[in-house]
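For reference, the structure discussed in these notes is given below.
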Amino acid sequence: MRPQPTFATLPSGLKLHYRVQGNPHGPWVVLLNGLLSDTTMWAGVLPGLMGRYRVLTFDSRGQGKSDAPEAGPYPTALMAAEAKALFGVLGVERPWLVGLSNGSAMSLELLSAHPGAFAGAVLTSAMPRIDFAMALKAEHWARCLEVGGPLMQFDAVAPFLWGDAFLEARHGVLRAYHQVVTGGAGKPMHGNLHQIRGILGWDIRERLSLIQNPVLMLSGAEDLLTPPWKCLETAQRIPGSRFEVVPGIGHAYPVEDPKGFVARIRNFMDKVDAGFGR
């Protein structure tokens with residue numbers, strides 16, 4: 001039997017869907033979703049973390065079962081602030097942050113706004129800003145969603161998201177999954193559109209030097225959406241961060257190779273937790 005969804009109401013009144021799993025006495029790990037996804041994106045990652053860590057997964061506004069306010073867009077900084085509010089409601093203290101794409105952007109907002117408040121972070125596909133090229137892609141995806149729904153939007157974004165071999169082998173499954181996660185045909189699309197357009201204009205370059213936590217940056221060698229040379233700039237602006245390029249992987253490393261992803265992040269987190277620095 002699938003567990004019943006659990007919800008937390010933030011001081012603002014927004015209701016977010018979340019789930020806490022794993023070792024109830026372990027250190028906290030928070031997994032932050034990318035755009036147009038939900039907590040199910042971490043299904044392959046969870047088994048490798050739950051033995052040691054207490055793991056929080058949640059849907060940001062507009063995602064999954066969480067509230068999707070009509071008013072938008074949903075800026076990245078707002079979604080990060082709501083994540084911090086959720087931590088307060090649930091009593092999450094000094095967690096590790098593990099983010100993908102916009103989840104990494106939210107993590108950078110948290111790390112720079114609250115120096116020293118986190119154990120560290122592992123961030124995948126994290127550019128330091130939404131540049132002109134990325135803004136063009138995002139607006140194209142939003143228009144595809146408006147005109148043709150989730151499947152047209154998937155066809156527009158898929159070549160940027162996945163490594164070649166992974167996409168070819170799983171295209172049909174990924175396409176169907178995307179339609180389910182975004183609500184399917186005939187469902188209101190405003191939450192998805194507000195997520196996409198909420199990233200426009202985001203730029204954290206001048207605040208990255210404020211981050212004091214150990215940070216590992218991961219980038220897929222086949223990532224066409226947030227390519228390694230753009231993510232490298234993020235790492236270069238964070239004092240003492242590490243940067244690794246992963247061969248054969250596209251944009252969504254935790255989905256494409258969850259076991260390999262867990263191995264990399266556990267190695268980094270274990271060294272930091274053991275006091276071996278960054």
Side-chain angles (χ1 to χ4, degrees), residues 18 20 22-23 25-34 42 45-46 48-50 52-58 60 75-129 202-219 226 228 230-246 253-254 261-278:
Y18 76 94
V20 175
N23 184 345
H25 306 293
W28 282 100
V29 170
V30 179
L31 307 180
L32 294 100
N33 309 339
W42 301 105
V45 170
L46 286 168
L49 296 177
M50 292 192 300
R52 175 169 181 177
Y53 293 98
R54 183 164 30 168
V55 184
L56 168 64
T57 54
F58 71 100
S60 295
T76 302
L78 172 62
M79 295 171 76
E82 290 172 346
K84 188 68 165 60
L86 178 65
F87 302 165
V89 170
L90 299 180
V92 177
E93 297 181 350
R94 199 168 168 74
W96 277 95
L97 302 178
V98 177
L100 170 64
S101 196
N102 197 55
S104 292
M106 292 168 60
S107 299
L108 292 172
E109 288 280 349
L110 291 166
L111 293 164
S112 60
H114 307 280
F118 302 94
V122 180
L123 308 180
T124 302
S125 306
M127 296 199 309
R129 67 183 179 115
W202 181 76
D203 187 341
I204 201 170
R205 288 176 295 176
E206 300 308 314
R207 288 182 282 141
L208 292 176
S209 62
L210 300 175
I211 296 175
Q212 300 176 2
N213 308 94
V215 176
L216 171 63
M217 301 278 299
L218 299 174
S219 184
T226 58
K230 293 185 179 183
C231 296
L232 177 60
E233 182 184 356
T234 310
Q236 290 173 331
R237 289 174 177 266
I238 299 174
S241 66
R242 290 180 53 185
F243 181 73
E244 298 178 6
V245 177
V246 187
Y253 187 14
F261 178 76
V262 168
R264 280 184 187 261
I265 69 171
R266 279 293 304 265
N267 181 60
F268 179 70
M269 292 159 64
D270 288 349
K271 286 181 179 179
V272 172
D273 289 344
F276 289 101
R278 303 183 182 189

Is a side-chain donor or acceptor of Arg54 paired with a backbone partner of Pro27 at a separation under 3.5 angstrom?
no

Drop me the distance from Tyr18's OH to Leu56's CG, to the nearest 0.5 angstrom.
8.5 Å

On a heavy-atom basis, the closest approach of Pro239 and Ser209 is CG-O, 3.8 Å

Under 3.5 Å donor-acceptor, Asn213 side chain and Ala119 backbone:
no

Looking at every non-hydrogen atom in both residues, tell me the closest pair between Pro95 and Val30 and how far apart they are.
CB-CG2, 3.8 Å

If you measure from OG1 on Thr124 to CD on Glu244, what distance do you get to the nearest 0.5 Å?
10.0 Å

Between Asn33 and Gly103, is there a donor-acceptor pair closer than 3.5 Å when you use the side chain of the first and the backbone of the second?
no

Using every non-hydrogen atom in the two residues, find where Ala80 and Leu110 come nearest and quote the distance to one decimal.
O-CD2, 3.4 Å

Taking the inter-plane angle between the rings of Phe261 and Trp42 on a 0 to 90° scale, is it parallel (under 30°), tilted (30 to 60°) or perpendicular (over 60°)?
tilted

Between Asp203 and Arg205, is there a donor-acceptor pair closer than 3.5 Å when you use the side chain of the first and the backbone of the second?
yes

Shortest non-hydrogen pair, Gly99 vs Ser104, comes out as O-OG, 2.9 Å

Below 4.0 angstrom, N of the basic side chain to O of the carboxylate: do Arg207 and Glu109 qualify?
yes

Measure the shortest side-chain to side-chain distance between Asn23 and Tyr53 over non-hydrogen atoms and say whether it is less than 4.5 angstrom.
no

Is there a side-chain contact between Val122 and Arg264, using heavy atoms and a 4.5 Å cut-off?
no

Could you tell me whether the side chain of Val20 reaches within less than 4.5 Å of the side chain of Trp28, counting heavy atoms only?
yes

What is the distance from atom NE2 of His114 to atom CD of Gln212, rounded to the nearest 0.5 Å?
13.0 Å

Mind running side-chain contact (heavy atoms from CB on, under 4.5 Å) on Thr234 and Leu108 for me, showing each step along the way?
CA-CA 9 Å; Thr234 310; Leu108 292 172; 3.9 Å; yes

Evaluate side-chain contact (heavy atoms from CB on, under 4.5 Å) for Arg129 paired with Ile204, printing each intermediate quantity in order.
CA-CA 6 Å; Arg129 67 183 179 115; Ile204 201 170; over 6 Å; no

Side-chain donor-acceptor pair under 3.5 Å between Asn102 and Trp202, yes or no?
no

Is there side-chain contact between Trp96 and Val272, with at least one heavy-atom pair below 4.5 Å?
yes

Output the distance between atom CG (Leu49) and atom CG (Leu31), rounded to the nearest 0.5 Å.
6.5 Å

If we only count heavy atoms from C-beta on, is the Pro214 to Phe268 side-chain gap below 4.5 Å?
yes

Run the numbers on Ser60 and Met106 for side-chain contact (heavy atoms from CB on, under 4.5 Å), then give the verdict.
CA-CA 10 Å; Ser60 295; Met106 292 168 60; 3.5 Å; yes

Got Leu123 and Leu216 here, is their nearest side-chain heavy-atom distance under 4.5 Å?
no

Does any part of the side chain of Arg52, heavy atoms only, come nearer than 4.5 Å to the side chain of Met269, both counted from C-beta?
no

Between Phe243 and Leu218, does the side-chain contact (heavy atoms from CB on, under 4.5 Å) criterion hold? Intermediate values first, please.
CA-CA 6 Å; Phe243 181 73; Leu218 299 174; over 6 Å; no

Is any NZ, NE, NH1 or NH2 atom of the basic residue among Arg237 and Glu206 found under 4.0 Å from an Asp or Glu carboxylate oxygen of the other?
yes

Can you see which heavy atom on Gly48 is nearest to which on Arg266, and at what distance?
O-NH1, 3.2 Å

Cys231 backbone acceptor or donor facing Ser219 side chain under 3.5 Å
no

Taking all atoms of both residues into account, what is the closest heavy-atom pair of Ser101 and Gly34, and its distance?
CB-CA, 4.5 Å

Ser241 side chain vs Ala235 backbone, donor-acceptor pair below 3.5 Å
yes

Just verifying a value: how many Å separate Ile211 CD1 and Leu111 CG, rounded to the nearest 0.5 Å?
5.0 Å

Look up atom CE in Met127 and atom CG in Leu232, then write down how far apart they are to the nearest 0.5 Å.
13.0 Å

Should Val29 and Val98 count as side-chain neighbours, where that means a heavy-atom distance under 4.5 Å?
yes

